[in-house]
Participant: 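Please find one structure pasted underneath; my questions will follow.
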Amino acid sequence: MEQGLLSETEPVVALVDIAGVRASAAALRSAFEELTGAPVLHAFAVKAAPLVPVLRLLDAEGIGAEVASPGELALALAAGVRPERIVLDSPAKTRAELAEALRRGIAVNADNFQELDRIDALAGTGTGSDTGTRSGTGTGSGTGRGTDSGPGSGFGPGSDPGPGRSRLGLRVNAQIGAGAIGALSTATATSKFGVALRDEGARERIVRACLDRPWLTRLHTHSGSQGLGLELMTQGVLAVYELAEEINAAAGRQQIDTVDIGGGLPVNFASDEETPTFADYARALRDAVPGLFDGRYGLVTEFGRSLLAKHGTVLARVEYTKTTGARPIAVTHAGVQVATRTVYDPAAWPLRIAAYDAKGAPKAGDAVVQDVAGPACFAGDLLAEARELPLLEPGDVVAALDTGAYYFSSHYAYNSLARPGVHGFRADAAGVRFTTVRAPQTVEQIVAESGGDRPDALL
Ligand SMILES: *Cc1c(COP(=O)(O)O)cnc(C)c1O
């Protein structure tokens, strides 16, 4: 408040705690370093915080990038993440996206058998595999391409792990069931992601698809985000490890040399405590799947929320207050545009709210049950409903805590509300220093991005 970051023209801002991000990255690295001597690539799930300076900060901390769209890939490259430290996962990769990833040497996890066929075809038409042995006997997927166009050994880490050579994997749905949040559970019996492992005949077909493609050296699984217990997560990894062992036995060599265990470590949104920790999860994995840590398998991780959530905060001014039906309501500038999931699904995504006075000091006063509303024009736009807080007044400030992942970085453009500015901060003896990560969106930009450059288009 002293430095005027929050103002009449910027009544909502987002903050990133730089030291906190570094600490989480270090905790992730050390949790796995302690358990395996094999190579581990930690790839941050870019969708959790698609901000170039954040990706660069993580890259500086040894964390690569997991991307799932051309936009996310462009952000990772703009942040300077090296292609060999990027993993492309997406259930809907176009041929052009695949070709681009292979050209750049970005790791790709194919989502399904049809995608494997596309990779076969791309490789067969000059993606750098003219030395390949035409080893396929067909994947049974019906297109016929798999039978004669295997890309050979050109992609594999066994042949040449140098840059420009994509590591290729297959995403598997271990079908272990749902966690607490259905929409974010990716390992259900009918999930849209990956190749189902427990469907009739699926296991044999996966093994066959791998044997037909010597360059397929990774298996990938990601069982869901938030709401999954460690138990369920480790079960998913165990299922994929067992599949890797089966494939390697059938191949008579260590064809699958890397298991990508995805992300999904849940975040505690109820207090400042960071539980479970990366170390908790790593130990649970080692206990449940010891063979994964005996040095034979490289690992890829794809954590998002657990790296960033605790290190972001949204601050918003209280513009007006009122009492309606005996309920005090504070109308603030933070709502659905920065906290979309919380507003639409408050039971699954409750956020802690902290109250401050106009000078930024913790707000004093008895707790009063009140609503903290956002600025959008629909009744459900509430950051918190019936929450006990000191009675808010105009000019006060509310903070939505633990919003570093999937909140302000995933702006929702409802009501043409502007994307707020994002500022990193460092605190030391000299005070608090802010640096802008993303400038606030201007109304001119909103107009330009809304067809403002072609007003006559429909006349
Ligand atoms: C979303 C996603 C992640 C990250 O999940 P978190 O819960 O943020 O850790 C990792 N991998 C894949 C494939 C994802 O879709």
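Starting from 1, each residue takes its place in the sequence as its number. Just so you know, ligand 1 is whichever comes first in the structure, and atom 1 is the first atom listed for that ligand.
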Participant: By number and element, which atoms of ligand 1 are closer than 4.0 Å to a non-hydrogen atom of R171?
Facilitator: 13 (C)

Participant: Under the ring pair (Phe, Tyr, Trp, His ring centres under 6.0 Å) criterion, do Y344 and F378 qualify, and how do the steps go?
Facilitator: CA-CA 11 Å; Y344 283 121; F378 70 98; 5.6 Å; yes

Participant: For R305, is at least one N or O under 3.5 Å away from an N or O on ligand 1?
Facilitator: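 Between R305 and ligand 1, an N or O pair is found under 3.5 Å apart.
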
Participant: Knowing that exactly one of V46, V422, L308 qualifies, which makes a side-chain contact (heavy atoms from CB on, under 4.5 Å) with L51?
Facilitator: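 So the option named by the test is V422.
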
Participant: Report yes if some N/O of G304 lies less than 3.5 Å from some N/O of ligand 1; otherwise report no.
Facilitator: yes

Participant: Any chance the side chains of H311 and S24 put a donor and an acceptor closer than 3.5 Å?
Facilitator: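 Yes, side-chain donor-acceptor contact under 3.5 Å.
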
Participant: Hey, mind stepping through V397 and L6 against side chain to side chain contact (heavy atoms under 4.5 Å, CB included) and telling me if it holds?
Facilitator: CA-CA 9 Å; V397 175; L6 207 59; 3.8 Å; yes

Participant: Any salt bridge linking R29 with E61? Criterion: basic side-chain nitrogen under 4.0 Å from a carboxylate oxygen.
Facilitator: yes

Participant: Show, in sequence, the C-alpha distance, side-chain angles and deciding distance for D260 and T221, and conclude whether the side chain to side chain contact (heavy atoms under 4.5 Å, CB included) test is met.
Facilitator: CA-CA 6 Å; D260 181 337; T221 192; over 6 Å; no

Participant: Report, in ascending order of atom number, the atoms of ligand 1 lying under 4.0 Å from any heavy atom of E66.
Facilitator: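 Counting from 1, the qualifying ligand atoms are 11 (N), 12 (C), 13 (C).
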
Participant: What is the closest protein heavy atom to atom 15 (O) of ligand 1, and at what distance does it sit?
Facilitator: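 Looking at atom 15 (O) of ligand 1, the protein heavy atom closest to it is K47 NZ, 2.9 Å.
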
Participant: Using a 4.0 Å cutoff against the non-hydrogen atoms of A45, which atoms of ligand 1 qualify?
Facilitator: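 In order of number, 3 (C), 4 (C).
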
Participant: Report, in ascending order of atom number, the atoms of ligand 1 lying under 4.0 Å from any heavy atom of D89.
Facilitator: 13 (C)

Participant: Do me a favour and list the nearest non-hydrogen protein atom to atom 10 (C) of ligand 1 with residue, atom name and distance?
Facilitator: E302 O, 3.0 Å

Participant: Going by distance alone, is a donor N or O of one side chain under 3.5 Å from an acceptor N or O of the other, for Y407 and T342?
Facilitator: yes

Participant: For F303, take its heavy atoms, then give the atoms of ligand 1 lying under 4.0 Å from any of them.
Facilitator: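 Checking each atom against F303, I get 9 (O).
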
Participant: Output the list of atoms in ligand 1 that are nearer than 4.0 Å to some heavy atom of G263, sorted by atom number.
Facilitator: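 Numbered from 1, ligand 1 contributes 9 (O), 10 (C).
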
Participant: Select one of side chain, backbone, both or neither to describe which atoms of Y406 lie under 4.0 Å from any atom of ligand 1, heavy atoms only.
Facilitator: side chain

Participant: Within 45° of the axis and under 6.0 Å from the centre of the six-membered ring of F113, does NZ or CZ of R205 qualify?
Facilitator: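 Pair R205/F113 counts as cation-pi.
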
Participant: Under 6.0 Å between ring centres: does that hold for F32 and H42?
Facilitator: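 When the ring centroids of F32 and H42 are compared, they turn out to be within the sub-6.0 Å range.
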
Participant: In ligand 1, which numbered atoms sit nearer than 4.0 Å to a non-hydrogen atom of S225?
Facilitator: 1 (C), 5 (O), 6 (P), 7 (O)

Participant: Is there at least one pair of N or O atoms, one from G264 and one from ligand 1, spaced under 3.5 Å apart?
Facilitator: yes

